[in-house]
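In what follows, a structure is listed as structure tokens, so that the remarks can point back to it.
Sequence lines set the chain letters: A, B, ... in the order given, protein chains first and strands last, and positions in each chain run from 1.
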Number of protein chains: 2
Amino acid sequence: MALISKSCEYGLRAALFIAARGDNGFVPIHDISRDLGISFHFLTKILQKLTQNGLLKSYRGPSGGIALARKAHDISLLEIVRAIEEHDIFSTCVLGLKNCGDSTPCPLHQHWARERTRIESSFGSMTLDKLSKPIANGTLRLTD
Amino acid sequence: MALISKSCEYGLRAALFIAARGDNGFVPIHDISRDLGISFHFLTKILQKLTQNGLLKSYRGPSGGIALARKAHDISLLEIVRAIEEHDIFSTCVLGLKNCGDSTPCPLHQHWARERTRIESSFGSMTLDKLSKPIANGTLRLTD
DNA sequence: ATGTTAAAAGAGTCTTTTGTCTTAATATGA
DNA sequence: TCATATTAAGACAAAAGACTCTTTTAACAT
């Protein structure tokens, strides 16, 4: 089991890939799919979610593709995760209890609530521009 | 997407349930299943994994059931998670990259490696006896 | 207009996880 | 020995997640 779904992994990697290109032109999904090794049609649907949520913008036809809808410093990884994941991992009980919360906690609530808040703020503070610079450098990578 | 699988949630809840009973007798799986609202046959297989890993012990026939194989203070939640989850969530890359590590990190590695280590040690320090006491009290609960 | 490029949309398949059902194996007690 | 209680094991079904394929829509170029 992973923290986030495959779809979410792909969405994050694609967004970082687009941000790392630097220019403001539209990147064809086919290019992203090829370079990151992600199924084209599957990736298309994930990116659709991100455009529908106002994080990316798309353009059809020749020299069309996908681009960031806002400045890279204004898009956090948290927004991307929230747009793709249907269940909010940052507010669900680690034992799966529906009514778990501060008032009626499960045995792990006190511990897990702290951790998940920390992770949430970590994802919230990571923006596309911060992470994409070392990718453009070649210091960090998005593929195996 | 959740941090741990349903199987793992059930395994943790069942282990805490057994520990909270306090006595050393065998608890029939049917009782656990009924009280926690978990499918009997499904739970049986999860508990089998825990007995095979030496965390629980089982006994067949009348007045048989499941019991802790060791003292409650000697069983951590981390051991239970490790026995049930096939992939180790505490060592996998958050972006799903196979070779992500300190030498060839993904863009999130530095951040996520810290978080997952913290969670791992948190699960490692939580033992069944620590968490089961407030359950026996009725302060904390294992069901909705 | 027509053809080409590219995203959007939707149906369908495969795999994994979750859950159910049936049969065996083991222990107890009358 | 026989009925009963209980875990073990394995086949099967349902649901969700991951992925594929086909058709449609939009934009551009000639």
Worksheet, complete the sentence: So, with a heavy-atom separation below 4.0 Å from DNA chain D, the residues of residues 40-54 of chain A are A:H41, A:F42, A:K45
Practice prompt. Give, ordered by number, those residues of residues 28-36 of chain B having at least one heavy-atom distance below 4.0 Å to an atom of DNA chain D; if nothing qualifies, reply none.
Written response: B:P28, B:I29
Any side-chain to backbone donor/acceptor pair from [X] onto [Y]? Under 3.5 Å, distance only.
X      : Y      : result
A:S76  : A:E79  : yes
B:S122 : B:R118 : no
B:D144 : A:K98  : yes
A:R141 : A:T143 : yes

Using a cut-off of strictly less than 4.0 Å, decide whether [X] has a side-chain nitrogen or oxygen near OP1 or OP2 of [N].
X     : N      : value
A:S5  : D:dG17 : no
B:S58 : D:dA8  : yes
A:Y10 : D:dA18 : no

Practice prompt. State yes or no: do A:Y59 and A:L43 share one hydrophobic cluster built from I, L, V, M, F, W and Y residues joined by side-chain heavy-atom distances below 4.5 Å, directly or via other members?
Written response: no
For [X] and [N], give me the distance from atom [atom1] to atom [atom2], rounded to whole Å.
X     : N      : atom1 : atom2 : value
B:K6  : D:dA15 : NZ    : P     : 15 Å
A:E85 : D:dA16 : CD    : P     : 16 Å
B:R13 : C:dT18 : CZ    : P     : 13 Å

Worksheet item: Does a salt bridge link A:K71 with A:D74, judged by any charged N lying under 4.0 Å from a carboxylate O?
Response: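 Salt bridge flag = no for A:D74 with A:K71.
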Discussion item. I'd like to know if A:E115 and B:R116 make a salt bridge, using a cut-off of under 4.0 Å between side-chain N and carboxylate O.
Written reply: no
Discussion item. Testing B:I135, B:I38, B:V27, B:I66 one by one against B:F17 for a side chain to side chain contact (heavy atoms under 4.5 Å, CB included), which residue passes?
Written reply: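 Result for side chain to side chain contact (heavy atoms under 4.5 Å, CB included) with B:F17: B:V27.
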Worksheet item: Are A:T104 and B:L140 close enough that some pair of their side-chain heavy atoms sits under 4.5 Å apart?
Response: no
Worksheet entry | Close side-chain approach of A:L108 and B:F123, heavy atoms under 4.5 Å |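 Side-chain contact under 4.5 Å: yes.
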Practice prompt. With rounding to the nearest 0.5 Å, note down the distance linking CZ in A:R70 to CG in A:L56.
Written response: 10.0 Å
Can you tabulate the close N/O pairs, meaning under 3.5 Å, that link protein atoms to atoms of nucleotides 25-27 of chain D?
{"residue": "D:dT25", "atom": "O2", "partner": "A:R60", "partner atom": "NH1", "Å": "2.9"}
{"residue": "D:dA26", "atom": "O4'", "partner": "A:R60", "partner atom": "NE", "Å": "3.4"}
{"residue": "D:dA27", "atom": "O3'", "partner": "A:Y59", "partner atom": "OH", "Å": "3.1"}

